[in-house]
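Both backbone and side-chain heavy atoms feed into the values below; hydrogens, waters and symmetry mates do not.
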Amino acid sequence: MDEFSFINAIKPNTYNQPALIKGIGDDAAVFRSTSDIVTTVDTFVEDIHFSLETMAPFHIGYRILAANISDLAAMGAEPAFYLVSMCIPKKWKQSALEEIYQGMHELASMYQMDLIGGDTVSSERLMISITAMGYVPENKARYRSHAEPNDIVFATGTLGDSRAGLEILLQGQKCDDKDYYIERHRLPTPRVALALGLRKIDRVALNDISDGISSEANEIAEASNVELTIIEEKIPVSNSFQQFSKEQQYDWKLSGGEDFELLGTVSEVHWPEVQEIAAQTDTPIQQIGYVCEAEEACVLIQTHGETKKLMKSGYTHLK
């Protein structure tokens, strides 16, 4: 594979963002903006974050860009640009790598995102690093530290679906709606429309559900120095989720991760407005708990009236 022919193969023919002055072709890209810029980066390693055992190259590209777009959504940002760096082993053919980019392009085109650069180097294992950038009006970025006592806790979509899809692919988990769960794992939907719709509300705390709601809820509690109580029975799940064992349901919806939904808090006064925005953007949303003052930041899980502390769980790196 020749690096320059590969770059030419994946180089965009046109760009969508009017702020872009210079895209791929020079030492760096150039764009101009009067908004605040939100930037996020994620690195994905073959056989840790993705595998050809569970998805095609197209799905790999789609899913890893979805993770970055979901991070932008959690910050209230409108996606605009992305850069892709790849460490490529010899076993990967150019055609498969181009499929990865096609998956990214498929999702990026839904948000008018432009690929504006990146890098390629040789490696023993395929590694993909994506840097995504988006716009948010001045001082309107959403932070985990924005939760306050008496807020409502909410979640979008349904949780645990991605983990169910992974178990079906890896373990041959028997179930109804198999294709639905597999698609939820391979082709997640970042909640950009809702995040942008919420801009009219002054204070909302948001967090992307990538590591599982137990981790994301604790991150909000710690950043805001509050106590979050989550009512397990109110956590939204798919209609056929009850077919899995009780242990699987509990684990997957709290710790499964990679659903790329949004967990948030908002004042009771603005909750009806949030529901209206969710309806307008066709975003399923559910109140799942509430926020209280706390001497020590923590998350509580209430199950059939019994309450206990909910610790962070799910996959973590460097552990």
Side-chain angles (χ1 to χ4, degrees), residues 1-13 23-29 40-71 81-110 113-132 161-173 178-179 181-190 210-211 256-260 314-319:
M1 185 190 311
D2 175 73
E3 178 184 6
F4 298 104
S5 65
F6 177 58
I7 292 172
N8 285 331
I10 57 92
K11 180 181 177 181
N13 294 318
I24 296 174
D26 275 81
D27 288 329
T40 181
V41 61
D42 275 310
T43 300
F44 306 86
V45 182
E46 185 178 9
D47 296 328
I48 295 178
H49 304 97
F50 63 86
S51 170
L52 287 173
E53 184 180 353
T54 59
M55 59 185 73
F58 177 92
H59 299 131
I60 293 170
Y62 191 106
R63 191 166 175 274
I64 62 180
L65 183 59
N68 286 77
I69 293 175
S70 187
D71 283 335
F81 305 110
Y82 67 108
L83 302 97
V84 182
S85 291
M86 282 193 179
C87 301
I88 305 170
K90 292 181 179 179
K91 69 175 184 177
W92 276 81
K93 298 185 181 299
Q94 180 169 328
S95 59
L97 296 172
E98 289 178 13
E99 284 184 45
I100 292 177
Y101 276 90
Q102 288 168 6
M104 294 183 201
H105 176 72
E106 177 82 11
L107 183 61
S109 63
M110 298 180 189
M113 290 185 81
D114 286 327
L115 173 63
I116 59 172
D119 194 19
T120 56
V121 297
S122 298
S123 175
E124 295 300 315
R125 180 183 289 190
L126 182 63
M127 292 180 281
I128 306 171
S129 182
I130 295 183
T131 299
D161 292 346
S162 180
R163 177 63 183 277
L166 180 62
E167 293 297 323
I168 291 166
L169 290 165
L170 287 178
Q171 310 297 337
Q173 173 88 36
K178 179 176 73 172
D179 292 343
Y181 289 109
I182 289 174
E183 182 167 307
R184 285 278 286 156
H185 178 69
R186 289 174 170 171
L187 302 170
T189 303
S210 55
D211 297 323
E258 298 186 329
D259 287 307
F260 301 117
Y315 181 82
T316 58
H317 294 278
L318 307 180
K319 185 176 181 181

Say you draw a straight line from [atom1] of [X] to [atom2] of [Y]; how long is it, rounded to the nearest 0.5 Å?
X    : Y    : atom1 : atom2 : answer
S123 : M86  : OG    : CE    : 12.0 Å
Q94  : Y101 : CD    : OH    : 11.0 Å
I69  : I130 : CD1   : CD1   : 8.5 Å
T189 : R184 : OG1   : CZ    : 6.5 Å
I116 : D26  : CD1   : CG    : 12.5 Å
F44  : M127 : CZ    : CE    : 13.5 Å

Would a 4.5 Å heavy-atom cut-off, applied to side chains only, mark [X] and [Y] as touching?
X    : Y    : value
T54  : I182 : no
W92  : I100 : yes
L169 : E53  : no
Y82  : N68  : no
E258 : R63  : yes
D42  : H49  : no
F50  : I128 : yes
S210 : F260 : yes

(message) Working note: I10 + L97, criterion side chain to side chain contact (heavy atoms under 4.5 Å, CB included); need CA distance, chi angles, decisive distance, verdict.
(response) CA-CA 9 Å; I10 57 92; L97 296 172; over 6 Å; no

Specify the closest pair of heavy atoms between [X] and [Y], including all atoms of both residues, with the distance to one decimal.
X    : Y    : value
L83  : G118 : CD2-N, 4.2 Å
M110 : E106 : CG-O, 3.6 Å
I24  : P12  : CD1-CD, 3.6 Å
P89  : C87  : CD-O, 3.7 Å
P57  : A96  : CB-O, 3.4 Å

Could you tell me whether the side chain of [X] and the main chain of [Y] form a donor-acceptor pair under 3.5 Å?
X    : Y   : answer
D119 : S85 : no
R186 : Y62 : no
S70  : A66 : no
D114 : G23 : no

(message) Pair M55, H185 - check side chain to side chain contact (heavy atoms under 4.5 Å, CB included), show working.
(response) CA-CA 9 Å; M55 59 185 73; H185 178 69; 3.7 Å; yes

(message) Could you tell me if E98 and Q102 have a donor-acceptor pair between their side chains, going purely by distance under 3.5 Å?
(response) no

(request) Count the heavy atoms belonging to other residues, nucleotides or ligands that lie under 6.0 Å from CD of E183, then report whether that count exceeds 12. (result) no

(message) Between L126 and I88, does the side chain to side chain contact (heavy atoms under 4.5 Å, CB included) criterion hold? Intermediate values first, please.
(response) CA-CA 5 Å; L126 182 63; I88 305 170; 4.2 Å; yes

(request) Show your reasoning for whether side chain to side chain contact (heavy atoms under 4.5 Å, CB included) applies to M104 and V84. (result) CA-CA 10 Å; M104 294 183 201; V84 182; 3.6 Å; yes

